[in-house]
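Pasting a structure below so you can have a look.
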Amino acid sequence: MSEQSADNPGICYLVGAGPGDPGLLTLRAKECLEMADVVVYDYLCNAEILNHAPQSAERIYAGKKAADHAIPQHKLNDLLVDLSSQGKTVVRLKGGDPFVFGRGGEEAQELQDAGVPFEIVPGISSSVAGPAYAGIPVTHRDHCSQLTIFTGHEDPEKDETVIDYGKIGMAAGTKVMLMGVGQLQNVVSKMLEGGTDPDTPVALVRWATTGSQQTLVGKLQDITDRVQRAGFKAPAVAVFGNVVELRSELNWFERRPLFGRKIIVTRTRSQAGVLSARLRNLGASVDELPTIRIDPPEDLKSFGRLVQDSHKYAWIIFTSPNGVDAFFDLFFKLYEDARSIGGARIAAIGPGTAAKVKARNLAVDLLPDEYVAEGLLKKLLDDESVENEMFLLVRPDQARDVIAKGLTEAGAIVDEAIAYRTVGEMGDPTGAAGRFESEGADVITFTSSSTVEHFLDMGLPIPENLLIASIGPVTSSALHSAGLEIDIEAKESNIPGLVDSIADYFAKLS
Ligand code: SAH
């Protein structure tokens, strides 16, 4: 983050956020967000992209649905100048590309006039990405080699229209219209009057590149009717031209197995990413609704002492990826050398936990066949001699007693290192809880019993047709105790297993 002083004049980055898919953000945009003191963002910016900004960064919503100008443009310009002049690093995040119908040019001029340093970070424009995600290449050697991008919504302050839609319709090649759903009828009739072939293929792509993407295809002569009948609304890009026909061959995005399915991820904000990314890769529309947060243990000193003494144990047992992180974060504060762990052998409850251990360049000596506490205990008792051996069990503050009890009964000496606490996540910073309440979802995923408990604590209504997906038997039993039916249970109790089972469920439906 920037130093805020008179020597540091601040800077404003006008950054393109891309069309919606969080993966279509540029590396430079991410870098700018990571440096931001303030982010001023638009309606069309995916909320998830804001997560790249530091938690401490101020977030200002600038609005911009056609009818909802949260901050009028002139005030917005002043705001950008003011914030930057205070020495702040300001990111003005705009949907798509800032200079493609984004008023980025005007904002840059204001900054220039005020003597505020600024930089432009181009973004992937919906004018190209929208068609691409609908399987429509905007140019193609066999079809066209000219591309026209135009707006259907001129500056409302202008009295006369300067755009000659009749001529645009007659232009060679592909035509792409932004901000045009409300004006479609007018634009189409001007094109027809101007002599454009009524059979020209047209496609509208709504919420392009997101899991809510919808595409409507027709001909110039019937597209307005189709839009009305379907109740098709903004925001959408419209494509006019023969390239639209390629969609029947190239429609890759909407064909993915979880396309159009809305799935809720309830893990902690920091852990949600892996599950969300896998679901999104299959085409799901994912909303992260974190129900829990990982906090340090209440007795950090005791944990520290046990970590310090970890080399004295024959075995260190990890029961969760969080435990591994908490343990090694502290371990490497105390020791500089991985060998300080001595001869301790390492057991992990499942592949996710094992992967975390391996990420610290340490090998896992024991992994159970069944990835639950009972499985781990069984494997230790079956394969190892535990009597009089010392075990360090790294665990959360609240956990079932299976491993410590079983090992102690078998004559082992077990010390329990409470590595972290799972607490309910308060607040709804990304608005996900609100969206869930108003829009519902197809599937909600639970990846631990604590996500179940804390989700229930949030008191959100559970829609009747919502499918409940559980990572495995322990989480399922927490759901059962709460009186909830499980529709999908992971065959293998880990994240890839959960994702596979969700995909299988929908594959069977279709
Ligand atoms: N600078 C933006 C365009 C801003 S104008 C860009 O380069 O993409 C706003 C218009 O962009 C909307 O009315 C709509 O036509 C289009 N748009 C932006 N994001 C979109 C999306 N995800 N899906 C469909 N249309 C989108």
Side-chain angles (χ1 to χ4, degrees), residues 13-26 28-29 40-49 62-70 73 76 91-108 120-136 138 147-156 163 165 168 174-188 202-217 223 227 230 232-240 244 247 251 253-254 259-260 280 283 285-286:
Y13 296 101
L14 298 175
V15 176
D21 179 342
L24 294 183
L25 189 75
T26 64
R28 178 65 180 147
V40 183
Y41 65 100
D42 273 356
Y43 162 65
L44 286 173
C45 295
N46 188 320
E48 221 172 292
I49 286 171
K64 282 259 171 91
K65 266 192 244 178
D68 142 47
H69 282 251
Q73 188 67 42
L76 198 59
V91 168
R92 170 74 180 109
L93 192 62
K94 297 166 134 324
D97 179 89
F99 281 0
V100 178
F101 300 119
R103 306 190 76 163
E106 293 160 52
E107 289 171 11
I120 311 296
V121 182
I124 296 184
S125 174
S126 62
S127 52
V128 179
Y133 271 53
I136 303 169
V138 285
L147 171 63
T148 308
I149 299 174
F150 68 104
T151 171
H153 180 91
E154 285 175 87
D155 185 342
I163 305 182
Y165 296 116
I168 290 182
T174 308
K175 278 78 67 178
V176 175
M177 175 170 68
L178 300 186
M179 294 184 281
V181 179
Q183 289 296 317
L184 190 68
Q185 188 159 17
N186 175 36
V187 173
V188 165
V202 184
L204 269 80
V205 194
R206 175 170 198 255
W207 285 122
T209 79
T210 74
S212 320
Q213 174 171 313
Q214 280 175 319
T215 306
L216 187 78
V217 179
I223 193 71
V227 163
F232 198 90
K233 301 230 159 54
V237 294
V239 195
F240 305 81
V244 168
R247 170 177 159 82
N251 176 20
F253 183 68
E254 294 167 26
F259 176 75
R280 276 199 195 104
S285 156
V286 176

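Just so you know, ligand 1 is whichever comes first in the structure, and atom 1 is the first atom listed for that ligand.
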Taken in chain and number order and not counting sequence neighbours, the residues that satisfy side chain to side chain donor-acceptor pair (under 3.5 Å) with Glu254 are Gln213, Thr215, Arg247
Output the set of protein residues with a heavy-atom contact under 4.0 Å to ligand 1, ordered first by chain identifier and then by residue number. Pro19, Leu44, Gly95, Gly96, Asp97, Val100, Phe101, Ser125, Ser126, Leu178, Met179, Val205, Trp207, Ala208, Pro235, Ala236, Val237
Qualifying residues under side chain to side chain donor-acceptor pair (under 3.5 Å), relative to Ser125, sequence neighbours excluded: Ser127
Evaluate the side-chain proximity of Arg92 to Asp42: yes if any heavy-atom separation is below 4.5 Å, no if none is. yes
Contact check, side chains of Phe99 and Ile120, non-hydrogen atoms, under 4.5 Å: yes
Salt bridge (Lys or Arg N to Asp or Glu O under 4.0 Å) partners for Arg280, two or more places apart: Glu48
Thr209 side chain vs Asp21 backbone, donor-acceptor pair below 3.5 Å: yes
